[in-house]
Amino acid sequence: MIENKAVNSIKIKGREDKEMKVVLKDDSVKEYSEAKSVIDIAYDISEGLARMATAGELDGEVVDLRTMVDHDGELQILTSYDQKGLAALRHTTSHVLAEAVKNLYPEAKVAIGPSIDTGFYYDFECPPFTREDLDAIEKEMKKIIKAGAKIERFELPREEAIAFMKEKEEPYKVELIQDLPEDAILSFYDQGGFVDLCAGPHLMNVKSIKAFKLISSSGAYWRGSEKNKMLTRVYGTAFGNKEELNAYLEHLEEIKKRDHNKLGREMELFATVDVIGQGLPLLMPKGTIMIQELQRWVEDEEERRGYMRTKTPLMAKKDLYVISDHWGHYKEGMFVLGDEEKDEEVFALRPMTCPFQYYVYKQSQKSYRDLPCRYGETSTLFRNEDSGEMHGLTRVRQFTIAEGHLILTPEQVEEEFKACVDLAKYFLTTLGLESDVTYQLSLWDPKKQDKYLGNEEMWNEVQGMMREILQHLGIDAKEEVGDAAFYGPKLDIQAKNVYGKEDTMITVQLDMFLAERFDMYYVDKNGEKKRPYIIHRTSLGCYERTLAWLIEKYAGLFPTWLCPEQVKVLPISEKYHDYANQVANQLKARSVRCSVDERGEKIGYKIRDARMNKIPYMLVVGAKEEEEGVVSVRSRYLGDEGQKSLDVFMDDICKEIKTKEIRKIVEE
RNA sequence: GCUGCCAUGGCUCAGUCGGUAGAGCGUCACCUUGGUAAGGUGGAGGUCACGGGUUCGAUUCCCGUUGGCAGCUCCA
């Protein structure tokens with residue numbers, strides 16, 4: 001059956017038919033003597049292609065299948081195998097969703113329904129949907145698809161378009177049209193009577209939707225503002241065929257197994273307790289080992305790179321935050337102890353370490369010879385996040401960060417900034433995470449100047465410096481307006497979790513304002529007082545969040561040096577318990593985290609157990625013949641420096657304990 | 001903070017149209033066991049998140065609280 005029937009497409013008035021050449025994807029050329037629609041050209045190429053076509057890409061711009069090609073150009077026919085083509089398919093599916101909702105809930109008002117990375121959504125003003133409702137809506141969608149309405153496009157002048165949507169009692173559409181520029185083309189798509197305002201592109205027929213699924217429903221603010229009404233959003237996804245859809249749905253199940261919030265609890269790395277509170281995870285003994293390993297590593301490396309360590313209070317009088325202006329900007333996000341109205345002294349738990357380290361700096365008069373001055377602190381911070389924001393280890397109310405501040409002369413800024421980035425990259429690379437990050441340059445929003453310290457000129461200067469440094473570093477950072485700290489722009493190193501949600505893992509920030517507020521200075525060569533620049537930075541970010549990232553990255557199969565338990569010694573029967581303990585003691589003497597499994601069960605159980613607990617090394621201890629000890633080493637190579645060094649170490653250990661015979665079995 | 005969903009042994013879940021609970025896996029003990037993801041037998045373990053209400057009686061129905069999840073909004 002042919003779903004995409006060639007149609008007599010939108011005739012563009014005032015355009016003469018003429019000779020034209022269309023260059024296709026494979027560089028072949030089609031010549032036409034008159035304007036042709038994209039879908040007609042697709043048919044001309046092949047019927048199979050036309051059937052699969054979802055949109056076109058004309059001279060690099062995604063266009064509707066109905067678009068008339070009336071000039072020489074490059075044309076690619078998009079299908080669901082192209083990302084952009086898939087987006088058109090999903091977008092059309094969202095319209096079918098809207099039609100189904102209107103059929104079942106005539107009082108529902110439609111808002112917007114775009115395609116997104118993972119599928120599509122559509123927002124409605126209507127009561128929330130349950131899973132059963134979604135199933136019913138899916139059923140209705142299937143009915144609509146089976147009926148197979150042709151999708152037709154038409155345009156209306158602005159006033160008529162508004163009148164049209166008013167008549168249909170769709171206030172959100174009216175608002176959308178009113179907010180579009182005066183000269184915008186207002187296109188509509190009609191699928192068998194259901195008409196939606198939409199820029200397109202869309203398929204030719206709803207029948208081409210072969211595989212879709214409604215995923216979930218939730219609330220979402222109209223136009224993304226919490227001041228607006230909350231609408232009901234339905235998320236769904238669609239693919240070119242059922243196999244791809246099923247593979248995607250299976251993938252969703254698979255990634256749940258890597259979710260740090262689930263796996264981290266299962267592996268007893270952390271836990272939460274309702275009476276302790278939201279966003280306050282307990283790090284269990286195993287999780288603590290991992291955090292400690294990271295922390296010692298970071299502290300040692302920072303000292304090697306010229307940092308001085310500080311240890312400053314977890315709270316301070318509010319006066320401190322008034323000076324930094326955190327009180328003005330972020331009081332809502334702080335845990336305040338005491339009542340400003342009643343108490344003489346009000347304290348607050350610290351949400352950052354900056355002002356504390358500034359007072360470390362200010363304890364003596366500094367010369368330019370004292371700079372760069374690098375302070376590092378393993379710093380526990382407290383932020384009163386909104387109740388709906390807490391999540392596992394990635395968004396918590398108390399966390400510990402590898403924080404630091406560098407006090408610098410202007411000449412030192414570039415070199416030190418680069419060193420900060422280099423340090424961060426070193427940590428990421430060693431952990432095997434470097435390829436998973438993206439860089440973001442977070443800039444201020446000149447439209448909201450009251451949110452920031454300083455003025456436009458100063459911001460332009462400091463942002464300019466930062467761009468230049470990034471350019472010198474060869475870092476291609478995506479610029480994000482409005483994401484800066486109130487005291488300066490940031491280079492944010494971002495990573496995505498298993499669900500694709502992005503978080504800042506590491507940040508390096510340039511600040512030319514706070515030194516002034518804290519009256520920090522150094523004396524230059526000429527004996528004059530000068531304001532220093534300050535870099536706020538973290539080298540490995542927040543330990544809790546980094547742990548979450550590692551759990552998801554390695555699905556719990558960590559590099560050996562981080563593993564809470566590195567080696568399990570498995571005696572094949574009770575006879576070898578003594579020998580197993582002897583082996584374990586030798587390992588422990590070398591600081592290997594190991595234990596002996598003395599349960600009287602079959603060796604198979606023990607191996608299974610060690611695997612399930614994601615222990616990288618298993619030493620199977622026993623003898624083939626009486627009096628002969630056999631040690632076989634099972635090793636899983638994970639590919640990072642820490643692992644490598646432990647592998648070498650394990651080789652040595654094995655040689656040492658080789659009194660009889662050693663076999664090393666490398667799995668994969 | 002907003003909208004919705006959820007809360008039953010360590011885990012995954014069943015169940016009670018209102019009469020104080022069950023499975024599988026795990027765990028523990030004993031037996032068995034010389035080999036790479038499941039040997040046998042027996043046992044322990046639950047105030048069905050917490051607090052109120054309705055009721056002769058609430059794990060079940062209603063309200064509230066706390067916590068968890070998804071999304072939105074926020075994130076120094």
Side-chain angles (χ1 to χ4, degrees), chain A residues 121 123 127-134 215-235 256 259 261-262 265-266 268 271-280 321 324-334 350-355 381-392 394-397 401 403 442 451-453 483-488 490 492 499 501-504 507 509 511 514 536 570-576 599-612 618 620-626 630 632 634 665 667:
Chain A
Y121 68 80
D123 287 347
F129 295 126
T130 62
R131 182 65 239 183
E132 288 68 39
D133 296 335
L134 293 185
I215 304 288
S216 62
S217 171
S218 67
Y221 298 111
W222 167 237
R223 302 200 133 179
S225 168
E226 61 186 328
K227 293 184 183 106
N228 291 340
K229 193 173 177 120
M230 183 154 278
L231 306 175
T232 300
R233 175 171 297 180
V234 176
Y235 282 94
K256 273 187 201 156
D259 183 345
N261 204 12
K262 185 171 160 54
R265 289 171 200 270
E266 269 172 25
E268 296 181 344
T272 52
V273 177
D274 55 6
V275 295
I276 292 175
Q278 272 190 300
L280 297 169
Y321 309 112
S324 66
D325 214 15
H326 280 89
W327 199 255
H329 286 279
Y330 294 107
K331 191 173 135 194
E332 294 307 308
M334 289 164 65
R350 66 177 182 193
M352 35 68 228
T353 322
C354 328
L381 305 179
F382 305 85
R383 295 182 186 177
N384 194 2
E385 304 285 358
D386 287 343
S387 65
E389 311 304 343
M390 262 70 73
H391 178 77
T394 53
R395 196 78 182 269
V396 290
R397 282 183 164 147
I401 188 166
E403 184 150 33
S442 299
K451 276 179 72 183
Y452 306 91
L453 299 176
D483 274 8
F486 73 88
Y487 48 74
K490 311 188 285 180
D492 291 324
Y499 299 106
K501 196 168 175 174
E502 196 172 82
D503 268 312
T504 299
T507 177
Q509 312 170 353
D511 165 16
L514 288 179
H536 306 233
L570 311 175
I572 59 172
S573 81
E574 232 170 296
K575 274 191 284 185
Y576 301 99
R599 285 174 308 168
E601 288 157 347
K602 277 189 174 172
I603 188 67
Y605 285 77
K606 294 179 187 175
I607 289 171
R608 174 176 58 100
D609 189 63
R611 276 188 184 153
M612 280 175 47
M618 289 172 256
V620 180
V621 176
K624 271 201 168 133
E625 296 160 27
E626 287 303 308
V630 174
S632 48
R634 318 193 102 246
I665 305 159
E667 287 184 296

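Throughout, protein chains are lettered first and strands after them, A, B, ... in sequence-line order, and every chain is numbered starting at 1.
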**Base partner of B:U66, which must satisfy Watson-Crick or wobble distances under 3.5 Å** = B:A7

**Message:** If you assign A:Arg397 and A:Met334 each to the RNA chain B nucleotide with the nearest heavy atom, which residue ends up on the more 5' nucleotide?
**Reply:** A:Arg397

**Request:** May I ask you to say what A:Glu266 touches in the nucleic acid, namely base, sugar-phosphate or nothing, with a heavy-atom cut-off under 4.0 Å?
**Result:** nothing

**Message:** Return the pairing partner of B:U33 with a 3.5 Å limit on both distances, Watson-Crick or G-U wobble; otherwise return none.
**Reply:** none

**Request:** Take the protein atom CZ of A:Phe382 and the nucleotide atom P of B:A76, then report the distance between them rounded to whole Å.
**Result:** 19 Å

**Item:** P-based separation of B:G45 from B:C28 [nearest Å]
**Value:** 16 Å

**Complete:** Quick note, A:Asn261 side chain, CB onward, closest among B:C69, B:C72, B:A76 is B:C69

**Phosphate OP1/OP2 of B:G68 contacted by A:Gln278 side-chain N/O (<4.0 Å)** = yes

**Residue A:Asp274, side-chain heavy atoms: nucleotide from B:C69, B:A70, B:U66 that is nearest** = B:U66

**Prompt:** According to the Watson-Crick and G-U wobble definitions, with both distances under 3.5 Å, which nucleotide is paired to B:G42?
**Reply:** B:C28

**Message:** Rounding to an integer number of angstrom, what distance separates B:U65 and B:G46 when you compare their P atoms?
**Reply:** 30 Å

**Message:** Say we look at B:C75 and B:C13: how far apart would their P atoms be, to the nearest angstrom?
**Reply:** 35 Å

**Request:** Please report, rounded to the nearest Å, how far the P atom of B:C72 is from the CE atom of A:Met230.
**Result:** 10 Å

**Separation of B:A76 C1' from A:Tyr452 OH (nearest whole Å)** = 12 Å

**Asked** Considering every strand shown, what is the Watson-Crick or G-U wobble mate of B:C75 when both distances are under 3.5 Å?
**Response** none

**Request:** Check the distance between B:A76's P and A:His326's NE2 and give it to me in whole angstrom.
**Result:** 10 Å

**Prompt:** If you look at every strand shown and take non-hydrogen atoms under 4.0 Å, does A:Arg395 touch a base, only sugar-phosphate, or nothing?
**Reply:** base

**Asked** Hey, does the side chain of A:Asp386 reach the backbone of A:Gly388 with a donor-acceptor pair shorter than 3.5 angstrom?
**Response** no

**Request:** To the nearest Å, give me how far apart CD (A:Glu403) and P (B:A76) are.
**Result:** 13 Å

**Item:** A:Leu570 CG - B:U33 C1' separation (whole Å)
**Value:** 15 Å

**Asked** For atom P, what is the distance between B:A38 and B:C48, given to the nearest Å?
**Response** 37 Å

**Fill in**
When both distances are under 3.5 Å in a Watson-Crick or G-U wobble arrangement, the nucleotide paired with B:C61 is B:G53

**Prompt:** Given atom NE2 of A:His391 and atom C1' of B:C75, what is their separation to the nearest angstrom?
**Reply:** 14 Å

**Message:** Categorize A:Tyr221 for me: base, sugar-phosphate, or nothing, with a 4.0 angstrom heavy-atom threshold over every strand shown.
**Reply:** base

**Request:** Using a 4.5 Å cut-off on heavy atoms from C-beta on, say whether the side chain of A:Tyr321 contacts that of A:His329.
**Result:** no

**Fill in**
Which of B:A70, B:C75, B:C72 is nearest the side chain of A:Lys451? It is B:C75

**Prompt:** Does A:Thr130 offer a backbone N or O that forms a donor-acceptor pair with the side chain of A:Asp133 under 3.5 Å?
**Reply:** yes

**Asked** Expressed in whole Å, how much space separates the P atoms belonging to B:C69 and B:U20?
**Response** 34 Å

**Prompt:** What is the base-pairing partner of B:G22, counting Watson-Crick and G-U wobble geometry with both distances under 3.5 Å?
**Reply:** B:C13

**Message:** Of the listed nucleotides (B:U12, B:C74, B:A70), which one gets closest to any side-chain atom of A:Lys262?
**Reply:** B:U12

**Fill in**
Among the nucleotides B:G71, B:G68, B:A76, whichever has the atom closest to the side chain of A:Gln509 is B:A76

**Distance-minimising heavy-atom pair for A:Ser442 and A:Ala484** = O-CB, 3.5 Å

**Prompt:** Does the A:Arg383 side chain pair with the main chain of A:Pro351, one donor and one acceptor, at a distance under 3.5 Å?
**Reply:** yes

**Asked** Can you check the A:Lys256 NZ to B:C69 P distance for me, whole Å?
**Response** 13 Å

**Item:** Euclidean distance for C1', B:A70 against B:U54 (whole angstrom)
**Value:** 33 Å

**Test item: A:Arg395 side-chain N/O and A:Gly279 main-chain N/O as donor-acceptor pair under 3.5 Å** = no

**Asked** What interatomic distance, in whole Å, is found between C1' of B:C6 and the corresponding atom of B:U60?
**Response** 16 Å

**Prompt:** A:Lys501 versus A:Thr394: any side-chain heavy-atom pair under 4.5 Å?
**Reply:** no

**Item:** Check: A:Trp222 main-chain N/O paired with A:Asn228 side-chain donor or acceptor under 3.5 Å
**Value:** yes

**Asked** Which nucleotide sits closest to the side chain of A:Pro128: B:A76, B:G4, B:G67?
**Response** B:G4

**Asked** How far, in whole Å, is B:A21 from B:U59 if one measures between their C1' atoms?
**Response** 9 Å

**Asked** Closest to the A:Glu226 side chain: B:U73, B:A76, B:U66?
**Response** B:U73

**Prompt:** So, is A:Lys490 near the phosphate of B:A76, with a side-chain N or O under 4.0 Å from OP1 or OP2?
**Reply:** yes

**Request:** Give A:Tyr121 one of three labels, base, sugar-phosphate or nothing, depending on what nucleic acid heavy atoms sit under 4.0 Å from its own.
**Result:** nothing

